[in-house]
Amino acid sequence: MTRALDQSEHSRRALDRGRAARAWNWFSRRTIEAGSHYRDLSWRTVWVQALMASGLVLASRIDPAFALSPWALLAGVVWALLIARIAILKAT
């Protein structure tokens, strides 16, 4: 019963066997901690945000002479890069 209630990262790794136990050797502690923040995000959420970011970039290119277009482009690119980072961490 106590094992099921203890959800710490260390206790979960201690239960891993075989390839799963060796997988932690490939990633640094910083990468593991960064990826653990995105565990609760669903792939659907990641894809929706990626589509919204690319939509913002495309909307800024429709009328490049509009006053807010450079800002929309910048915001869309930064948003897309952050979502790409989240997707990579979630996948690994």
field: Cluster check V48, V46: I/L/V/M/F/W/Y, side chain < 4.5 angstrom
entry: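 Linked, V48 and V46 end up in one cluster.
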query: Under a single-linkage definition using a 4.5 Å side-chain heavy-atom cutoff for Ile, Leu, Val, Met, Phe, Trp and Tyr, are I86 and L51 assigned to the same hydrophobic cluster?
result: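 Cluster IDs for I86 and L51 differ.
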message: If hydrophobic residues (ILVMFWY) are linked whenever their side-chain heavy atoms come closer than 4.5 Å, directly or via other members, who joins L58 in its cluster?
response: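 Reading the cluster by chain and number, L58 sits alone, since nothing else belongs.
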- request: Linking directly or through intermediates, with side-chain heavy atoms under 4.5 Å: list the remaining ILVMFWY members grouped with L81, chain and number order.
  value: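 V57, L73, V77, listed by chain and number.
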query: For T45, which residues count as a side-chain contact (heavy atoms from CB on, under 4.5 Å) partner, sequence neighbours excluded?
result: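 Expected list: L41, S42, Q49.
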field: S69 side chain vs A65 backbone, donor-acceptor pair below 3.5 Å
entry: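 Checking the backbone N and O of A65 against the side chain of S69, no donor-acceptor pair under 3.5 Å is found.
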query: Once you round to the nearest 0.5 Å, how far does CG of L74 lie from CG of L68?
result: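 Separation between the atoms: 12.5 Å.
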message: Nearest 0.5 Å, please: how far is CG in L56 from CZ in R61?
response: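 Nearest 0.5 Å value for the CZ-CG distance: 10.5 Å.
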- prompt: Where do F66 and P70 come nearest, in terms of heavy atoms and distance?
  reply: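 So the two residues come closest at O-CD, 3.7 Å.
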